[in-house]
Every structure is written in structure tokens, then in C-alpha cells.
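The structure appears right after this line, and notes come after that.
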Amino acid sequence: MVTAWEVPRNPLSDPTLGNSPVAEQVRWGYRIFIDTPHEAARFTGGKVSCANCHLNAGQRERALPVVGVAGVFPEYNARAARLISLADRVVDCFLRSENATARTLQERAPSADAESDHGAEEALPSPTSKEVLAVQAYLAWLSKGYPMGASPAWRGQNAIAADTLLPIAALDARRGESVYLERCTSCHGADGQGVQVGDKKAGPLWGPDSWNDGAGASRVYTLAGIIRYAMPYLDPGSLSDEDAQHVAAFITSKPRPPYPFKDRDYPGGKIPVDAVYYRRHTGS
């Protein structure tokens, strides 16, 4: 795909989809996916859309594609230490990548009692939220015809080989900044907040409008894999494993919104070494 405007399967222009309630859910799910802050405003605490990470509406190879993924669930999630459903995964994306918890922090006062604290959490997305169901419908539509229980071949390709991972302590954020300024600013800007190109804009990489520090992209190696294989947009794969990791170290050195439930993650388990925001939070 040459441009961000290319979407191989677009439910808004697919005449075979029909006009059933499910079809309308699929269409809304697609609109949420490509313009989350406007279409799912109550669960979006910043300016990131799903398609800012899952490029071309989740249909670009090696850019976190979601085609065929519905049949993979339920699957085990190490962060939650349990099996999760597709709806659980969508909820997690809203909570973390879309920073839906921003309002929870705003509504929590230092003297808030347990009842008001519970009320703030009640406003968060759940597996039965209409926005979650719509995104789930879009993902299911993209998975039609693919086998159940089998992971698509293109899933999990945004990962740097274990034998080329550098120790976190050896990563150089200053070197990463130099690479970023040379290779990334045409889309993301020197300030990391994204450059407008037509009606498209790259999502903010740090700051209050970005994903929060509990998101998967807040992990250094996870982000490095995305950078390595999906970026730069017009020349993906052109960065080395090493440079991608240094750029990720630079981006994860920046401030971003806090995820308020970090204490619930990795229950009874070891916090991954690249989960740097968790380590800064706990001091470990």
C-alpha cells in the first residue's frame, strides 16, 4: 500500500454488506477505528485513533494488521494472567492506547470515597459498551473466511528477534533522538505531535494526547518492533534493529498520561524488563 488512504476492504463502500443492524455496527466500528477521538469520544482521552498504529484501517502487513484476528480469541494474556476474549482486548485498547482512563483520574479527588471511586470506574468501557461491540463487529467482519483457532501468518511479525535485542541499559535515547529527527519528523514532527497531511495526521507519540503508560506501545521492545517493520511509512523496514530500539528508547523517555491501574497488571508475575514506565512507577 503506497498511501495511508488505501483500504482494501472498506465496509462503507462494500455493496455486499447490506443494511442489517449488524452491517451498521460494522460500519460504525470501521469509523471508530479510523477516527476514534470523534466516533468514540467518551472512551478517548487523547488524539490517538486505532488506525494510527494499525495502519490502513488495520489492513497493512507488518503494521499490526488485524485481518483474521477474531478467530484467535479467546487467548492467554500475560499482562492479565488469564484468558481474554476479543471484547476484552478491545476494552484494553480503549483503556490504554486510547487513554479512556483519563476521565477516571479527573473524577478521582484526593479525598474521594470508595463510592465515588467506583462511580468513576463505572464510566470506563466494558465488553458490552456499544463502541466496543462496534469495533468487535468490524474485526469480525475482517476475519470472515479465516479459520477459527489459528493465528494468521501475518500476526506477530512486528517483533525484533530475541538475539538482536539490546539490554535496556545499553539503549541510548540521545542516539534515538538523532535518528528520529532525521527519519521520523516528516510525519510525526519534531515535537512528536503529528503532522497534518491532507485529512490524515500521525498520532501523537508522547505528551497528554498520546497513549498512556500502560499501553503496549509504552514497552520499549514492543514499540521498537513496530518502528522496525512499519516505519517510516514510505520506507518501512529501512531502519536497523539497533536504531529502532534507540528510537523506541527516546520515545519512551518522554512523559505520557499515567495508567491508574498498573498495580493490577502482571499479577504474581515479573514485570517485563522493557516495561520502563512500570519500573519508574515502582522504583524497581
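Under a hydrophobic-cluster definition in which Ile, Leu, Val, Met, Phe, Trp and Tyr are linked whenever side-chain heavy atoms come within less than 4.5 Å, directly or via other members, Ile227 and Val220 are assigned to different clusters. Residues Phe33 and Val26 fall within the same hydrophobic cluster, defined by Ile, Leu, Val, Met, Phe, Trp and Tyr side chains chained together at heavy-atom separations under 4.5 Å. The hydrophobic clustering, which links ILVMFWY residues whose side-chain heavy atoms are closer than 4.5 Å, places Leu95 and Phe73 together. Criterion: ILVMFWY side-chain heavy atoms under 4.5 Å apart, direct or through other members. Under it, Val90 and Phe261 are part of a common hydrophobic cluster. Linking ILVMFWY residues whenever their side-chain heavy atoms come closer than 4.5 Å, directly or via other members, leaves Leu234 and Tyr229 in distinct clusters.
Between Ala40 and Glu131, the shortest heavy-atom contact is CB-CG, 4.0 Å. Across Pro257 and Asn99, no two heavy atoms sit closer than the pair CB-ND2, 3.4 Å. Minimum heavy-atom separation, Asp235 to Arg183: OD2-NH2, 3.7 Å. Taking both residues in full, the closest heavy atoms of Lys200 and Ala4 are given as CE-O, 3.9 Å, listed atom of the first, atom of the second, then distance. Across Thr36 and Ile32, no two heavy atoms sit closer than the pair OG1-O, 2.7 Å. Scanning all heavy atoms of the two residues, the minimum distance from Ala275 to Ile271 falls at CB-CG2, 3.8 Å.
A salt bridge between Asp213 and Lys262 is present, with a side-chain N of the basic residue lying under 4.0 Å from a carboxylate O of the acidic one. Comment: Arg60 does not engage Glu6 in a salt bridge, judged by the lack of any side-chain N to carboxylate O separation of less than 4.0 angstrom. Between Arg82 and Asp88 there is a salt bridge, with a side-chain nitrogen of the basic residue lying less than 4.0 Å from a carboxylate oxygen of the acidic one.
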Fill in: salt bridge (Lys or Arg N to Asp or Glu O under 4.0 Å) evaluation trace for Asp265 with Arg96
CA-CA 12 Å; Asp265 290 344; Arg96 301 167 190 270; 2.9 Å; yes
Fill in: Phe43/Leu124 under side-chain contact (heavy atoms from CB on, under 4.5 Å): CA gap, chis, key distance, verdict
CA-CA 7 Å; Phe43 294 149; Leu124 295 175; 5.8 Å; no
Worksheet item: Given the rule in the side-chain contact (heavy atoms from CB on, under 4.5 Å) test, do Leu133 and Gln25 qualify, once you have shown the distances and angles that lead to the verdict?
Response: CA-CA 8 Å; Leu133 293 172; Gln25 253 193 339; 3.6 Å; yes
Item to complete: Apply the test side-chain contact (heavy atoms from CB on, under 4.5 Å) to residues Val247 and Met231: give CA-CA distance (whole Å), side-chain angles for both, the deciding distance (0.1 Å), then the verdict.
Response: CA-CA 11 Å; Val247 172; Met231 295 286 131; over 6 Å; no
Practice prompt. Show your working on salt bridge (Lys or Arg N to Asp or Glu O under 4.0 Å) between Asp243 and Arg228 and close with a plain yes or no.
Written response: CA-CA 8 Å; Asp243 279 349; Arg228 172 69 177 85; over 6 Å; no
Discussion item. Apply salt bridge (Lys or Arg N to Asp or Glu O under 4.0 Å) to residues Arg155 and Glu75 and explain how you reach the verdict.
Written reply: CA-CA 14 Å; Arg155 191 175 187 232; Glu75 72 172 1; 2.8 Å; yes
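Counting only distance, with no hydrogens or angles, the side chain of Gln196 and the backbone of Gly198 share a donor-acceptor pair below 3.5 Å. Between the side chain of His246 and the backbone N or O of Arg175, no donor-acceptor pair lies under 3.5 Å. At least one donor-acceptor pair closer than 3.5 Å links the side chain of Tyr277 to the backbone N or O of Thr252. No donor-acceptor pair closer than 3.5 Å links the side chain of Gln59 to the backbone N or O of Pro65.
Geometrically, Arg27 does not engage Tyr30 in a cation-pi contact defined by less than 6.0 Å to the ring centre and at most 45° from the axis. Under the 6.0 Å distance and 45° angle rule, Arg264 does not count as a cation-pi partner of Tyr259.
Residues Trp211 and Glu98 have side chains that never bring a donor and an acceptor to within less than 3.5 angstrom of each other. With hydrogens and angles left out, the side-chain atoms of Arg219 and Tyr278 include no donor and acceptor closer than 3.5 Å. The closest side-chain donor-acceptor pair between Trp5 and Asn56, if any, does not fall under 3.5 angstrom.
For the pair Ser126/Val132, no side-chain contact is recorded, criterion being any heavy-atom separation below 4.5 Å from C-beta on. Glu24 has its side chain within reach of Asn19: a pair of non-hydrogen atoms, C-beta onward, lies under 4.5 Å apart. Side-chain atoms of Val72 and Pro152, non-hydrogen and from C-beta on, do get closer than 4.5 Å to each other. Ser238 is listed as a side-chain neighbour of Pro232, based on a closest heavy-atom distance under 4.5 Å. In this structure, Arg9 and Leu142 have side chains that are in contact, with non-hydrogen atoms separated by less than 4.5 Å. Side-chain atoms of Trp28 and Val135, non-hydrogen and from C-beta on, never get closer than 4.5 Å to each other. Side-chain contact between Trp141 and Leu17 is present, with at least one heavy-atom pair separated by less than 4.5 Å.
In the displayed structure, Lys254 atom NZ is contacted under 6.0 Å by more than 12 heavy atoms of other residues, nucleotides or ligands. Around CD of Gln193, the count of heavy atoms belonging to other residues, nucleotides or ligands within 6.0 Å exceeds 12.
Annotation: the span from Ile34 atom CD1 to Ser49 atom OG amounts to 8.0 Å, rounded to 0.5 Å. Of the inter-residue distances, the one linking Ile160 atom CD1 with Asp241 atom CG reads 5.0 Å to the nearest 0.5 angstrom. Atom-to-atom distance recorded for Asn77:CG and Arg89:CZ is 7.0 Å, nearest 0.5 angstrom. The CG atom of Leu55 sits 7.5 Å away from the CG atom of Leu64 when rounded to the nearest 0.5 Å. Rounded to the nearest 0.5 Å, atoms OG (Ser210) and CD1 (Ile251) are 9.0 Å apart. One distance of note links CZ of Phe94 with OG1 of Thr101; it measures 13.0 Å at 0.5 Å rounding.
Checked against the 6.0 Å centroid criterion, the rings of Phe250 and Trp206 qualify as a close aromatic pair. In this structure, Tyr146 has its ring center under 6.0 Å from that of Trp154.
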